[in-house]
Amino acid sequence: MGTFHDCEFNNEPDTDWSLAANRKWAETIRDRWQKTAGDDPIQIPLVIGNEEILTDRDVRTCLDPNQAPAEIAVATYRLATTADAERAVAVAKADPDGWRRLAPAERHAALSRVAMELRRTRGDLIGAAAANTGKVFTEADVEVSEAIDFAEYYPYAARTFTELEGILATGKGVGAVVSPWNFPIAIPCGGIVGSLAAGNTVIFKPASDAVLVAWVLCQAIWRAGISRNTLQFVPCSGGSTGAHLINHNDVDFVILTGGTETGMEMLRRKPDINLSAETGGKNATIVTAMADRDQACKNIIYSAFGNSGQKCSATSLLILEREIYDDENFKRQLVDAARSFQAGSAWNFANKMGALIHPPKGALQNAMTSLEPGETWALQPQMVGDNPYLWTPGIKYGVQPGSTTHTTEFFGALLGVMPADNLEQAIERVNMTGFGLTSGLESLDPREHTVWKKKIKAGNLYVNRGTTGAITLRQPFGGMGKSALGPAIKAGGPNYVAQFMNFEETSLPRIGTLQGEDALLRMALEWRRKMLWGKLAPHKADLTKTIRAIKSYLYHTEQEFGQAKDYFHLRGQDNIHRYLPLGTIAIRLHAEDSLFDILARLAATRIAGNVPIISIPAQLHNDATAFFNTMEGHQIVGKAIVRRQSDEELIACMTIVQRIRYAAPDRVPATVLAAAAKKGFYIARAPVLMEGRIEMLHYCQNQSICDTYHRYGNLGDRSKL
């Protein structure tokens, strides 16, 4: 099988719209995709088991939101039934075309061909996004670039794990990708190609409001050579057929990008689901008195109103230090910039902001048409013409702490502005929302940068830059708190594909040279000496594995998890990927746990910088727990908290610990899983490994920091480096 990749990953460039040829090309896209009432709608079938299904199914219509209230049908699609979902799962599990049996290099070659086909399909993807979701061309274009990046990068990321010595890495089996409408090209493509790169077959359930875009995307993937048995296309109702698909016992994992409540409902229905979900956020930008106010205004406007404010990373909350808040010139500048952010049809290339996916309703409608106590309109949103999908930007001043505008995620072009007395208070008000997806800081004071980076709770941090537009590997994307359900491993990052793999250890892990000393390592080497004397002979096998595990955990902490890495070294911008401790981790014991299972988890927890709680079932007494009564046991426990707890007491601890780590999936009681599902609490339960590159993923959280340190090209002190 030939390859298209050149053993090097480079981000795909976006279209340069300043070139006349590209603007002419955009016109040809518009000619193809701007439909009229006289055009026949595109017929979209289900694709299940290599069969296209167009008959005997409920039919839905895709309307062009740019041309409302005229109901211009651009496509019709079919809804899958429960029987269709059953058949799709059976085909995906059987894998008749052998995708899961391919060598990683063969999958890499196939996905490189997908990337090439996506490049050829850029125009139709842009056109479909405009016609189906109202997305303007410039915003659809960057989505295509990101989709290509995913197809190129994820096979490289998979190699990190498939090429580990002593590890057999295989796909989990069948993955269901449940995608959103707001990023209808990049997000579903990322879920699909990430799952395929990990060695899985995929069932794709697109958002009902973006089925046409999903259809064009799938056709490109199929044309590249991925079979229609390997990737199946199953639009369906989320509440009935979709729920049946997600809950199916033969679906091994689910990738969701959508609302927090959607993810919580999936967990409630199936508490043992392997769910990886990015669930949006209430994203804030803080502007201090030390900010470049012109730069801040520019960054805020695009972050708040790009994509009609419908990006999950959009700034919808602006917190201004009092001096800025009281500055009438800044307020006037912000309002003037928003007013000039022209809203209208995506078919008019002068417009910067396109349509909403629906006319405003619910919380968004209330927020766009009414004020809470203390609020005033700095700029009141208005409907554009008679099209209920098109609205101009809105800005509210006087947002009060704890109000709906402060804490509620709005998918629309609405910016709430509130004051803060200082940076510390501003950070507190950001963290009050409970979300933690993206956050921005506008300040030229590096001391403020340090404080903010330490205290803000978000997965993607941006300094003197907009809060949207994360780029693969440069700014891996994903959040904390209510912005993530599951392991919270970032999309577009080096570990994303690992969550869709199973790992089996076939030999001891390979370990490079350790650079530093560690008390745990010294203790482990002492165990080895005592084993030679026979004192610890009964535990020899478990302790030998634990010693190796500690070395591997320390080595990979030195090489990866303890490092803040910038993969690009761009002049004028730092892009740091780092790992943070989770906080407090409960290590839950089980009667079937080996001593290795216990000691390895405790060592990993401590090495990652977390506080361990050793949670022992009240009635559990065996050789493994007895080890804690030995001098060696006391040494490794150290200052860790040891508690005898019932399952009910462990459940109560979910309010004070950040993660519970079990040693195997079948050792987690159903009552504990159900309680965790109700809270959206993640329980790590993969088998415990000696290999630190994999095991340490359970004990940390990822964070991306993008710091644009130049000012209008001036590097300041950095110019001396």
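The model shown is predicted, which means the values in this text are computed figures rather than measured ones. Residue numbers count from 1 along this sequence.
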Problem set entry | Partner residues of L620 under the side-chain contact (heavy atoms from CB on, under 4.5 Å) criterion, sequence neighbours left out | L589, A591, I616, P617, N622, T625, R644
Exercise. For T467 and N283, does a side-chain donor sit closer than 3.5 Å to a side-chain acceptor?
Worked result: no
For this session: Indicate yes or no for a side-chain donor-acceptor contact from T584 to the backbone of V657 under 3.5 Å, with no hydrogens or angles considered.
Result: no
Exercise. Do the side chains of V668 and D666 get nearer than 4.5 Å, heavy atoms only?
Worked result: no
For this session: Taking the side chain as every heavy atom from C-beta outward, state whether P188 and F150 have any pair of such atoms under 4.5 Å apart.
Result: no
Exercise. Which of these passes side-chain contact (heavy atoms from CB on, under 4.5 Å) with S615: V642, I641, L650, I585?
Worked result: L650
Problem set entry | Any donor-acceptor pair under 3.5 Å from T433 side chain to V430 backbone | yes
Exercise. Counting N and O atoms only, with roles assigned by atom type, does the side chain of N247 sit under 3.5 Å from a partner on the main chain of H244, one being a donor and the other an acceptor?
Worked result: no
Exercise. Only one of T546, L525, L520 clears side-chain contact (heavy atoms from CB on, under 4.5 Å) with K551; which?
Worked result: L525
Problem set entry | Nearest-0.5 Å distance, NZ of residue K457 to CE of residue M480 | 10.0 Å
Problem set entry | Side-chain heavy atoms of R588 within contact of R667, under 4.5 Å | no
For this session: Any chance you could lay out the side-chain hydrogen bond (donor to acceptor under 3.5 Å, both in side chains) test for S303 and T468, step after step, and finish with the verdict?
Result: CA-CA 6 Å; S303 298; T468 62; 4.6 Å; no
Exercise. When you measure from the side chain of R685 to the backbone N and O of I683, does any donor-acceptor pair fall under 3.5 Å?
Worked result: yes
Exercise. Does a sphere of radius 6.0 Å around NZ in K678 hold more than 12 heavy atoms from other residues, nucleotides or ligands, not counting ones at 6.0 Å or beyond?
Worked result: no
Exercise. Taking the side chain as C-beta and beyond, is there a heavy-atom pair between D542 and L599 under 4.5 Å?
Worked result: no
Seminar exercise, completed: Between M696 and I607, the two heavy atoms sitting closest are CE-CG2, 4.0 Å
Exercise. What are the two closest non-hydrogen atoms of K490 and Y496, and how far apart are they?
Worked result: O-CB, 3.3 Å
Exercise. Looking only at heavy atoms, what is the nearest atom pair of K270 and V251, with distance?
Worked result: NZ-O, 3.9 Å
For this session: Provide the closest heavy-atom pair for R643 versus I656 in the form atom of the first, atom of the second, distance.
Result: NH1-CD1, 4.1 Å
Exercise. Could you state the interatomic distance from NZ (K205) to OG (S179), rounded to the nearest 0.5 Å?
Worked result: 7.5 Å
Exercise. Does V399 reach the side chain of S403, with side-chain heavy atoms less than 4.5 Å apart?
Worked result: yes
Seminar exercise, completed: Between P509 and E691 the two heavy atoms that sit nearest each other are CB-OE1, 3.4 Å
Exercise. Can you name the one residue among L168, I167, T170 that meets side-chain contact (heavy atoms from CB on, under 4.5 Å) with E504?
Worked result: L168
Exercise. Are E560 and Y579 linked by a side-chain donor-acceptor pair shorter than 3.5 Å?
Worked result: yes
Problem set entry | Partners meeting side-chain contact (heavy atoms from CB on, under 4.5 Å) with C312 (sequence neighbours left out) | N182, E278, F411, L437, F477
Exercise. Can you tell me how far the CD atom of Q645 sits from the CD1 atom of I651, to the nearest 0.5 Å?
Worked result: 10.5 Å
Exercise. Backbone N or O of I705 within a donor-acceptor pair of the N460 side chain at under 3.5 Å?
Worked result: no
Problem set entry | Pairwise side-chain contact, L514 with L554, heavy-atom cut-off 4.5 Å (strictly under) | yes
For this session: State whether F435 and K282 meet the cation-pi test: NZ (Lys) or CZ (Arg) under 6.0 Å from the six-membered ring centroid, and within 45° of the perpendicular axis.
Result: no
Exercise. Within a strict 4.5 Å, meaning less than it, do heavy atoms of the C700 and P581 side chains meet?
Worked result: no
For this session: Calculate, to the nearest 0.5 Å, the distance between atoms CD1 and CZ belonging to I636 and F628 respectively.
Result: 7.5 Å
For this session: Look at the aromatic rings of Y567 and H577 and report parallel, tilted or perpendicular, splitting at 30° and 60°.
Result: tilted
Problem set entry | Charged N-O contact under 4.0 Å between D707 and K453 | yes
For this session: Inspect the surroundings of CD in E261 and state if more than 12 heavy atoms from other residues, nucleotides or ligands are less than 6.0 Å away.
Result: yes
Problem set entry | F161 and F503 aromatic ring geometry - parallel, tilted or perpendicular at 30°/60° bounds | tilted
Exercise. After noting the C-alpha distance and the side-chain angles of Y699 and R661, does the key distance pass the side-chain hydrogen bond (donor to acceptor under 3.5 Å, both in side chains) rule?
Worked result: CA-CA 9 Å; Y699 306 89; R661 177 75 170 106; 3.2 Å; yes
For this session: Kindly check if the number of other-residue, nucleotide or ligand heavy atoms within 6.0 Å of CZ (R510) is above 12?
Result: no
For this session: Compare every heavy atom of C706 with every heavy atom of Q475, then report the nearest pair and how far apart it is.
Result: NE2-SG, 3.6 Å
Problem set entry | Rounded distance (nearest 0.5 Å) linking atom CG of L441 with atom OH of Y462 | 14.0 Å
Exercise. Do E695 and R601 pass the salt bridge (charged side-chain N to carboxylate O under 4.0 Å, His left out) test, and can you show the C-alpha distance, the side-chain angles, and the key distance before you say yes or no?
Worked result: CA-CA 9 Å; E695 183 62 27; R601 283 179 289 165; over 6 Å; no
Problem set entry | Check: N495/R693 side-chain N/O donor and acceptor closer than 3.5 Å | yes
Seminar exercise, completed: Rounded to the nearest 0.5 Å, the CG atom of N702 sits from the CZ atom of F561 at a distance of 8.5 Å
Problem set entry | Within 45° cone of F253 ring axis and under 6.0 Å: K172 NZ or CZ | no
For this session: Would you indicate whether the side-chain heavy atoms of E424 and V451 approach each other to under 4.5 Å?
Result: yes
